[in-house]
Structure formats: C-alpha cells, structure tokens
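Accompanying notes for the structure given below.
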Amino acid sequence: MVERLRGFRDFYPEEQEIRSDVFRTMKDSCTQFGFKEIDGPSVENVELFANKSGMEIMNQMFSFRDKGEREIALIPELTPTVSRMVAARKDLVKPLKWFSVQKFWRYEEPQSGRTREFYQLNADIIGSESYLADAELISLGAYILKSLGIIGFTKIRVSSRILIDRLIEKYLPGKREEVYYVLDRWSKISQPDRESFVKENGIDLGVLSSFVDGKILEGYDDPELQNLFKIRDFVSSSVGVDIEIDLKIVRGIAYYTGCVFEASDREDKFRSILGGGRYDNVIGQLGGENTPATGFAMGDVVLENIMKSKGLWVHKGGKQIFLAPIDQQGRMYSTRVASVLRSIGLKVDLNVMERGISKQLDYASKMGYEYVVILGEDEAKKKTVSLKILSSGQQKEIPLTGTDELFGAMK
RNA sequence: GCCGGGAUGGGGUAGCGGUGCAUCCUUGGGGACUGUGGAUCCCCGGACCCGGGUUCAAAUCCCGGUCCCGGCCCCA
C-alpha cells in the first residue's frame, strides 16, 4: 500500500465536520468585523519569497522547477501573495480589510503543533498606518478566540519593534540582534544559559532584566508606547479582552516594522496560536506604492491541540434523521418522505442497503443519528411516518402532513 | 538538517529465539429471525513496517531505510 506523505494529514468525516465548524466560526467572525474574503494561488514564483524572507524560509519551502523551467514553490505564508495582489492593483480603495483561510506548506520536521501542510486564517488591514488598524486587528483575533470558546485559556501580548529599537539604542546600543535573540527565547532557555549568553555578548543583565519584566517602561515617555496603551484600551473596549504589553514579544520575522503581537495558551504548553504584526515596507518592496499594512495568521494545528486539551474539539451539528424502510413499499415511500423532510431543511440520510430493520437501527445508532424514521407498507398506506428517538427508544406514528411543525423544532 | 523513543488485522492489544493455523477485545461484510430485534444466533474477511544479516530456527536478536510520536533549529 502507498503511504501518506510525511507530515501530511487525512481528514475523515468525523474529524472534518469539526474542522468545518471551526473554520466557519473564524470566517463568520471576520465577516462580522467587515473583512472581505480573498483567495489566491497555491504556488508562486520563488522570487516572491526570496526577496523578503531570508535564507531560512527558502530552505523550508516545497519548491521545484515546472515544465516551463520556472522555479516555483508551494506557498509557505500569505503575506507575500497579499502584498503582490495589492501592489498589482492601484485602484483598490483603502483601507482594505481582507481575510482568507487556506492551505500552506513548509518542508520541516513534523512535531507537536507542526505539520508540513496546514491551514491558516490570515487577516490583514492594508492602507492604514494608524494604531487603530493594529487595534482592530487584535480585536478581531481576540473575538475569534472568544467565539471558539478559548479566550479564557489564552493570553494576548503586544509589543512594538519601534519601541524596542529605541530602548535598545538608548540602553544597550549596538546589541539589537543579540537582544532580539535572547528576548524571543527568554522563557524557553534556562537561567544559566541566559546568564552565559548575556555575558558572552557583553549585555548588561540588569538592564536586560528590566526589558523582560517591563520595569524599563516605567516613566518612559514615547509616542510608540502611548500607541500601545491606546491599542490596549481599544481592544478592551471593543471586545472586552485584556491584552498585555510585553517586550519579550519580538516575533522572528524579518519584515515586521512596528506593532507585533501574539496569542498563546496561558500555561505556555503549546506553540503560539496566533501571531502577527505591522509590515509597512513589503508592498513597496514588491514594486507597489509604499503602503502601510498590518496582519496576523492563525494556524489550525496548534488551535486543534489547545481545543482538544480543553475538550472543545467536538462537532456541534444539527439533528440528523435516518430513514429506515423495512419492505419494498417502504423503500418507494421513503423517497417521498425524504423529499418532504429535506424541503423543510432537515438533514436526511436514506438507507441504500436492502437489509432488515435490525441492521438499519444498528447502523443509525453507530453513525450517531438522533432519529430514525421507520417506513413500511402500513405507513405508506396511511401516509404517516413512525419516528423513533434513539436516545430514549420512544416511538410514535405521525401523519406526513404534520411533519413540518414536529421536525421544525428539531433543527 | 540534527537528536531521542516507537512500529503486531481498520482501532486497541498479548507474545519478545522453537511449544496448535500469532492471543484477546473491538470494528467491517453476509445470512437467519419476514414490522421494532440499535437483539440473539451462525458464517466470512483482516496483522508481525520494508530490506539485509546472525541462527538449525526470527514477530522476537543485529544493521540500514521508511513512517509515527517527541525535542533542537526555525516559526512566515
């Protein structure tokens, strides 16, 4: 048998229906915030990523040469595509609020929270350099976490590269790379490792500690810090979620220019669930007008880990009905009953095996149906249906013309 | 790319050099029961990851590979 490729996943119905619920929740949230859905290609010319993303990303792409000798790659992220789309259209009315849910690919070692093919929700606001755009975007992220029922298990932290750069310039001049590196990994590395790294790189541990705990911000007056305060207040007011200003949030991406943020579970047991920031230079670098932009991405893999750990990875579907004909008259009649029930919006599964009532009930039960409608010669003659409620075993016969009101309440 | 730990029917497992056709549960298909049996009874299907090696003998020991689960790197 041919095996599934490493790092890829199959989704069987019982799994897929949950995924559909989750994606629908995310998309509905975006729509409620006035974001418009977009979609783009699954492959792009590698140059699109080469320019902006650096070496690491090049090594982690599924790239190949096509029949026309073009070097192309399965997209590892959306930002370059979005930027390309914006750069190509000068007539777009700003600001743009766009979102998409689609697949991405990265050739990495699969492990917890990471696969080679995954879905991401991307949301971007393009054309506004105001803190309002960052605040609206973070609000959207918080709203989605709320809609999914996990806001209580997560924390959202925000920072700014402009602010960090100024602080580094003032207190630890010339150590930008090193400070970024150690802040990003602060909670992942041990105390002795921190100290030796700091010592080796000639960084003052006392000053660095005040970055970590935020003491350095006390009494510091800076317009970018004021923006972070405003963002915090905006999010609190718009979605009732408290976010935290934390200088340890630097994000690894080369192209971020201002506000950066991420959401993670409170115990930091998983990878970050959502991450993003401001990328004001990318669209201009791709040949478009200089256009400020901010966005975030949220992957399905970590989300699934967290929701499963909280028992929230479950399907919340409507009632489903199985039609079980027990004889030839019942089979003919069942198509008519199916038609009537479907016309009032119910999900109706019709038996397609010529087998007895026992096996049909067994099947319906294993498939998780709530109701079975038993149909035979008697029902066909009387124009009725026999409704059996599987959870209780109760059964009653009702006229087909009366199904509207009866089943209406089931939806 | 690097480092650990794993791999027995669809799922979960027992066996860890030879003792009956690889154990048990579950799952799947069919039949009987010809309107209540999501029962019962009967029948059937289905596995030692792949390739080498050691040995009289390998699911079992050794080596390599593949895949899975973690971790590093990195996280767009």
Side-chain angles (χ1 to χ4, degrees), chain A residues 1-10 12 14 44 48-61 73-83 104-116 118 120 122 124 181 184-185 188-189 193 249-256 260 262 264 269-277 279 282 295-299 301-302 305 322 324-330 353-381 386-397:
Chain A
M1 193 152 59
V2 180
E3 289 185 324
R4 169 165 30 76
L5 249 30
R6 182 168 168 71
F8 288 74
R9 297 170 291 171
D10 296 321
Y12 290 87
E14 60 272 23
E44 294 273 10
L48 185 64
F49 306 103
N51 294 335
K52 56 169 270 291
S53 307
M55 273 298 97
E56 192 60 44
I57 191 165
M58 297 296 283
N59 295 333
Q60 295 186 345
M61 283 195 298
L74 291 168
I75 58 172
E77 59 163 325
L78 188 70
T79 305
T81 296
V82 164
S83 301
F104 296 91
W105 297 266
R106 292 176 200 166
Y107 197 90
E108 305 177 286
E109 283 311 303
Q111 53 195 268
S112 179
R114 179 192 287 177
T115 56
R116 288 184 173 175
F118 54 93
Q120 265 190 354
N122 277 264
D124 294 270
Y181 181 89
D184 195 29
R185 287 161 185 76
K188 291 174 80 175
I189 57 181
D193 285 347
I249 304 303
V250 294
R251 306 293 301 164
I253 313 315
Y255 54 68
Y256 286 141
V260 286
E262 68 178 50
S264 53
K269 281 195 330 219
F270 303 95
R271 294 166 190 281
S272 70
I273 181 172
L274 166 168
Y279 56 99
V282 178
F296 74 80
M298 177 171 173
V301 186
V302 174
N305 285 163
F322 182 75
I326 55 180
D327 53 30
Q328 197 49 40
Q329 284 96 320
M353 299 273 276
E354 296 179 44
R355 57 187 178 187
I357 181 69
S358 178
K359 299 260 160 114
Q360 293 192 60
L361 285 169
D362 189 29
Y363 175 80
S365 177
K366 279 175 182 152
M367 293 294 285
Y369 290 112
E370 281 91 345
Y371 302 103
V372 171
V373 169
I374 296 163
L375 302 166
E377 192 181 350
D378 294 352
E379 285 85 354
K381 269 186 192 141
S386 289
L387 173 72
K388 188 179 180 77
I389 301 166
L390 287 182
S391 56
S392 64
Q394 286 180 334
Q395 187 172 321
K396 53 193 158 193
E397 191 174 348

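Sequence lines set the chain letters: A, B, ... in the order given, protein chains first and strands last, and positions in each chain run from 1.
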Between [N] and [M], how far apart are the two [atom1] atoms, rounded to whole Å?
N: B:C63; M: B:C24; atom1: C1'; result: 34 Å
N: B:G28; M: B:G64; atom1: P; result: 42 Å
N: B:U66; M: B:G52; atom1: C1'; result: 15 Å
N: B:A7; M: B:G46; atom1: P; result: 25 Å
N: B:G11; M: B:C48; atom1: P; result: 13 Å
N: B:C50; M: B:U26; atom1: C1'; result: 28 Å
N: B:A58; M: B:U8; atom1: C1'; result: 14 Å
N: B:C42; M: B:G5; atom1: C1'; result: 45 Å

Determine the contact category for [X]: base if any of its heavy atoms lies under 4.0 Å from a base atom, sugar-phosphate if only primed atoms, P, OP1 or OP2 are that close, otherwise nothing.
X: A:E108; value: base
X: A:R185; value: sugar-phosphate
X: A:G330; value: nothing

Nucleotide-resolved protein contact map, nucleotides 64-71 of chain B, B/S/- at heavy-atom distance under 4.0 Å: --SSB-SB

Result block: side-chain N/O donor-acceptor pairs under 3.5 angstrom for residues 373-381 of chain A, not counting sequence neighbours:
{"residue": "A:E377", "atom": "OE2", "partner": "A:K381", "partner atom": "NZ", "Å": "3.1"}
{"residue": "A:E379", "atom": "OE1", "partner": "A:G376", "partner atom": "N", "Å": "3.0"}
{"residue": "A:E379", "atom": "OE2", "partner": "A:S386", "partner atom": "OG", "Å": "2.6"}

Would you give the length of the straight line joining atom [atom1] of [X] to atom [atom2] of [Y], rounded to the nearest 0.5 angstrom?
X: A:D124; Y: A:F296; atom1: CG; atom2: CZ; result: 9.0 Å
X: A:F322; Y: A:L361; atom1: CZ; atom2: CG; result: 8.5 Å
X: A:I273; Y: A:E262; atom1: CD1; atom2: CD; result: 11.0 Å

Check nucleotides 27-35 of chain B for protein N or O atoms closer than 3.5 Å to its own N or O atoms and list the pairs.
{"residue": "B:G28", "atom": "OP2", "partner": "A:K366", "partner atom": "NZ", "Å": "3.0"}
{"residue": "B:G30", "atom": "OP2", "partner": "A:R355", "partner atom": "NH1", "Å": "3.3"}
{"residue": "B:G31", "atom": "N7", "partner": "A:K359", "partner atom": "NZ", "Å": "3.4"}
{"residue": "B:G31", "atom": "O6", "partner": "A:K359", "partner atom": "NZ", "Å": "3.4"}
{"residue": "B:G35", "atom": "O6", "partner": "A:E377", "partner atom": "N", "Å": "2.7"}
{"residue": "B:G35", "atom": "O6", "partner": "A:D378", "partner atom": "N", "Å": "2.5"}
{"residue": "B:G35", "atom": "N1", "partner": "A:E379", "partner atom": "OE1", "Å": "2.6"}
{"residue": "B:G35", "atom": "N2", "partner": "A:E379", "partner atom": "OE1", "Å": "3.2"}
{"residue": "B:G35", "atom": "N2", "partner": "A:E379", "partner atom": "OE2", "Å": "2.4"}

Who pairs with [N] - Watson-Crick or G-U, where each distance is under 3.5 Å:
N: B:G18; result: B:C56
N: B:G4; result: B:C69
N: B:G28; result: B:C44
N: B:C74; result: none

Stacked cation flag A:R355 on A:Y363, 6.0 angstrom / 45 deg: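 Relative to the ring axis of A:Y363, which defines the angle, A:R355 lies inside both limits.
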
Using a cut-off of under 3.5 Å, enumerate the N/O to N/O pairs linking the protein to nucleotides 5-7 of chain B.
none

Base of B:C74 paired with side chain of A:R114 (donor-acceptor, under 3.5 Å):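 Check passes, donor-acceptor contact within cut-off.
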
Extract from the structure each pairing of a protein N or O with an N or O of nucleotides 44-47 of chain B at less than 3.5 Å, listing the distance.
none

What is the separation between atom [atom1] on [X] and atom [atom2] on [N], rounded to the nearest whole Å?
X: A:E14; N: B:G11; atom1: CD; atom2: P; value: 13 Å
X: A:K188; N: B:C75; atom1: NZ; atom2: C1'; value: 9 Å
X: A:L274; N: B:C75; atom1: CG; atom2: P; value: 17 Å
X: A:R251; N: B:C75; atom1: CZ; atom2: P; value: 9 Å
X: A:I189; N: B:C73; atom1: CD1; atom2: C1'; value: 14 Å
X: A:Y181; N: B:C73; atom1: OH; atom2: P; value: 6 Å
X: A:Y256; N: B:C75; atom1: OH; atom2: P; value: 11 Å

Pairing residues for A:R185 by the side chain to side chain donor-acceptor pair (under 3.5 Å) criterion, not counting sequence neighbours: none

Basic-acidic side-chain contact under 4.0 Å: A:E354, A:K359: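 A salt bridge is absent here (no side-chain N lies under 4.0 Å from a carboxylate O).
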
A:E108/A:R116 ion pair, N-O < 4.0 Å: no

Minimum-distance nucleotide to A:K388 side chain [options: B:C75, B:U36, B:C74]: B:U36

